[in-house]
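Everything quoted here is computed from the prediction, not taken from an experiment. Naming: A, B, ... by sequence-line order, numbering from 1 per chain.
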Protein chains: 4
Amino acid sequence: MTGQREVLVAQDVRRSSERAKRLPRAVREKQILDAAVEVFSQHGYHMASMDVISEVAGVSKPMIYSYLGAKEELFGHCIRRESNRLFEAVRDGIRPDVPPDMQLWHGLRSFYGFVAEYRQSWIVLHRHALAAGDPFAKEVTALRTRAIELVRDLVVSAGTQRGLASQAEFSGEGMAAALVGAAESLADWWLDNPHVPEGVLASWLMNLTWLGFNDLVEGSVWRPLE
Amino acid sequence: MTGQREVLVAQDVRRSSERAKRLPRAVREKQILDAAVEVFSQHGYHMASMDVISEVAGVSKPMIYSYLGAKEELFGHCIRRESNRLFEAVRDGIRPDVPPDMQLWHGLRSFYGFVAEYRQSWIVLHRHALAAGDPFAKEVTALRTRAIELVRDLVVSAGTQRGLASQAEFSGEGMAAALVGAAESLADWWLDNPHVPEGVLASWLMNLTWLGFNDLVEGSVWRPLE
Amino acid sequence: MTGQREVLVAQDVRRSSERAKRLPRAVREKQILDAAVEVFSQHGYHMASMDVISEVAGVSKPMIYSYLGAKEELFGHCIRRESNRLFEAVRDGIRPDVPPDMQLWHGLRSFYGFVAEYRQSWIVLHRHALAAGDPFAKEVTALRTRAIELVRDLVVSAGTQRGLASQAEFSGEGMAAALVGAAESLADWWLDNPHVPEGVLASWLMNLTWLGFNDLVEGSVWRPLE
Amino acid sequence: MTGQREVLVAQDVRRSSERAKRLPRAVREKQILDAAVEVFSQHGYHMASMDVISEVAGVSKPMIYSYLGAKEELFGHCIRRESNRLFEAVRDGIRPDVPPDMQLWHGLRSFYGFVAEYRQSWIVLHRHALAAGDPFAKEVTALRTRAIELVRDLVVSAGTQRGLASQAEFSGEGMAAALVGAAESLADWWLDNPHVPEGVLASWLMNLTWLGFNDLVEGSVWRPLE
DNA sequence: GATGAATGAGGGTTCATTCAT
DNA sequence: GATGAATGAACCCTCATTCAT
């Protein structure tokens with residue numbers, strides 16, 4: 001949990017009732033965003049109070065307002081930063097020069113890697129931003145859309161390569177949405193069942209969505225070959 | 001949306017600032033719960049105000065407190081009622097005397113049928129209760145667990161019948177969680193893409209999780225046979 | 001605690017969700033007043049709720065309003081009933097044909113006897129009515145005034161019999177007030193120190209106010225002779 | 001009533017719905033406590049509303065909560081401040097190098113001096129805190145206990161000096177409690193009979209409890225000699 | 001740049017009280 | 001006579017936000 005450690009460091013630097021040292025704006029903004037993500041992830045949007053955020057950030061409330069705007073705007077900043085982090089982590093984890101199933105495999109591993117490293121970011125995005133209503137839910141929906149497109153292109157290209165006839169039962173987008181949703185929900189489930197190592201999660205998903213229950217019960221198993 | 005219609009009727013009956021007619025307690029409780037679900041689904045737990053709920057219910061605030069308790073408790077009542085409704089709808093939709101894939105198929109259809117009919121209930125359960133923190137998230141998690149168990153038993157029994165060796169890549173619970181999550185997320189996606197008919201959603205999921213992408217790109221398709 | 005027992009009896013008579021039997025008005029009023037005194041003594045005027053009183057009385061709220069009026073009026077009824085009870089107990093305990101000190105002695109014993117038997121009444125009068133503000137404090141002040149007059153007449157007549165010159169240092173009323181106050185406060189102290197037998201309290205007061213510390217430290221002691 | 005005058009000044013300085021000038025926290029806390037004591041003394045704990053207190057203090061409600069806590073805590077602060085004021089006033093008024101009766105005399109004079117100067121404080125302590133129930137009543141009881149101990153030590157030491165045999169009729173603590181109670185009640189009586197000068201009250205008590213009615217009717221009188 | 005001081009506004013909750021049956 | 005059903009009104013409290021230093 002890198003975010004949390006950095007916040008604590010920021011706090012430690014500062015002795016109580018000591019005026020905060022002048023710091024470059026970028027540093028202050030990072031402190032504040034880190035603190036905000038931490039607090040939002042713990043309490044959700046509505047129960048997170050600006051007072052607490054400012055305490056955790058080691059910065060006075062007026063600074064938050066002056067640097068990052070009101071609560072809504074601050075929350076938006078958090079969501080955007082973490083959205084991008086997450087998307088980039090997944091996108092950069094995919095290697096374009098391997099078969100589609102391996103691409104999917106790498107994408108999933110990167111995703112669960114991110115969730116493990118930035119647990120709080122994931123909680124904010126998945127648990128709280130969606131519930132916080134429209135300005136924010138849209139942001140997360142957009143992220144999800146980007147992910148869905150990534151997967152859709154992958155599957156569709158694999159399909160068209162092999163002449164998959166478009167059928168009512170098949171919809172690149174719909175099924176990509178289903179896969180992305182499954183990945184998200186499994187991440188959620190992981191929060192409450194952390195004993196499972198991260199590679200296994202990706203493996204389950206590959207077996208389920210690449211092979212399907214049918215092949216599985218026949219004894220087939222998907223494994224990454226490289 | 002049966003609930004909403006009835007609530008509006010209740011409102012229409014009553015002219016503003018007129019004393020509500022005396023009705024038996026059970027009727028009032030239903031009115032209140034219906035109104036609460038409606039308002040919670042629209043605004044979420046924190047932004048829903050007891051004032052608005054009481055107005056929508058056509059009842060004064062003290063009645064709510066007297067019949068269903070404070071806000072937290074009221075929300076709990078909503079969640080429990082809708083949880084049970086949903087679970088029973090799915091469970092009753094499953095016919096036990098058909099092959100596993102058909103059971104899954106019926107379960108999914110019932111699920112999306114419920115989401116279509118009780119849109120607000122679904123929103124409260126999926127979007128808001130999970131974000132509202134621990135007393136409530138647990139309730140929904142419990143619901144999800146019940147669903148996962150249902151699916152797990154289905155798949156595992158199918159697998160063991162055919163001698164599926166337990167492997168690291170396979171976990172009845174984990175994969176059932178993934179499927180349930182996929183179904184949930186697809187329902188969520190459906191809220192923003194309502195043009196897709198409900199049967200198609202179930203079809204996608206069956207194809208994805210029963211056959212897998214691999215079979216799909218080979219041209220295989222799953223269809224319900226009865 | 002006679003009052004409490006009677007209330008419990010009244011409650012026991014009534015099975016839940018059974019309509020209260022028709023009873024003569026006087027009986028109902030007694031039930032209500034007993035319950036009110038009990039609840040007021042426990043919670044004070046403001047924290048006592050009409051709901052609780054009606055439950056303890058085994059009677060619905062509208063009955064209370066119809067028989068004994070609103071909360072203020074109800075409290076007034078309580079205070080008046082208990083005031084009179086107390087005053088009559090003390091007055092009737094005094095035997096007019098004995099010397100002044102013995103009259104005082106009997107009065108004090110009657111007073112502490114009452115406090116022991118009607119603990120709740122005393123608490124309502126002394127602890128709560130005085131704090132409840134003017135309509136009620138006056139009532140208790142009036143009671144106190146009657147007590148002071150009783151004592152004053154006693155002492156003054158004793159004094160004038162023996163030619164006590166009126167002096168600045170002496171005021172029948174003031175000193176009677178002091179004695180009455182001492183008696184009250186000792187009763188209050190008794191509530192928290194119930195191990196002392198009631199006769200001893202009266203004895204302390206007699207020794208203190210009849211003989212004074214001065215005589216006491218000289219070894220004199222007052223004892224009732226009859 | 002120093003407190004009240006200052007509060008009014010604070011109010012006058014501020015025109016309605018104008019932002020209060022920035023003042024150091026300690027000053028505001030004093031203003032708030034003064035106002036709270038004033039309002040509590042007039043209306044009692046339950047009928048005093050935070051709105052009124054904030055108006056009288058010339059400060060908005062959130063400041064009260066931020067500086068002195070919620071209503072209960074605020075009341076506690078008032079009681080503690082006034083308790084200490086009162087106890088210190090009495091203790092500091094006693095001169096340790098004079099005979100016991102003179103010490104008592106000075107203590108009583110200080111007490112009535114305090115009641116005269118801080119009428120509201122006395123009312124809060126004696127009339128309202130005791131009735132407000134357990135967190136607060138305990139505080140006042142503790143104050144009373146400290147006073148009783150003061151008096152007990154005085155009398156007992158005087159008694160043992162002259163060989164007072166411990167007897168059933170004599171209890172240092174009990175009689176001290178009676179004297180303290182008498183003093184309190186006389187202060188209470190004084191509130192409704194303010195024409196009596198303060199020295200006279202102390203004089204009555206000295207004559208009553210030092211000499212006793214018996215000596216008094218014989219014509220003896222106690223007077224301070226110095 | 002940085003902050004302690006200050007507040008408007010609004011929400012949850014609970015009574016005492018009364019109607020209609 | 002007796003009561004469940006119903007509500008107006010008020011109170012405590014908190015929070016996001018801004019001003020003045």
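- For A:K61 and F:dT17, a side-chain-to-base donor-acceptor distance below 3.5 Å is present, hydrogens and geometry of angles not being considered.
- Evaluation of atom-type donor-acceptor distances gives a pair under 3.5 Å for the side chain of B:R22 against the base of E:dA20.
- Relative to the six-membered ring of D:F40, D:K71 misses at least one condition, a distance below 6.0 Å or an angle of at most 45° to the axis.
- In DNA chain F, the stems built from three or more successive Watson-Crick or G-U pairs (distances below 3.5 Å) are E:2-21 with F:2-21.
- When the shell of 6.0 Å around CE of A:M47 is examined, it contains 12 or fewer heavy atoms from other residues, nucleotides or ligands.
- Listed for the D:H128 side chain is no donor-acceptor partner under 3.5 Å among the backbone atoms of D:I123.
- A donor N or O paired with an acceptor N or O is not found under 3.5 Å between the base of F:dG4 and the side-chain atoms of B:R25.
- Put simply, B:R28 has no side-chain N or O that comes within less than 4.0 Å of OP1 or OP2 on F:dA5.
- Following rounding to the nearest Å, D:I64 (CD1) and E:dT7 (C1') show an atom-to-atom distance of 12 Å.
- We find the CD1-NE2 distance between B:I32 and B:H77 to be 10.5 Å, quoted to the nearest 0.5 Å.
- Between E:dT17 and C:Y65, a contact under 4.0 Å exists linking OP1 or OP2 to a side-chain N or O.
- If you check every strand for non-hydrogen atoms under 4.0 Å, C:M63 touches a base.
- Position along DNA chain F of the nearest nucleotide to D:A48 versus B:P62 favours B:P62 as the more 5'-ward residue.
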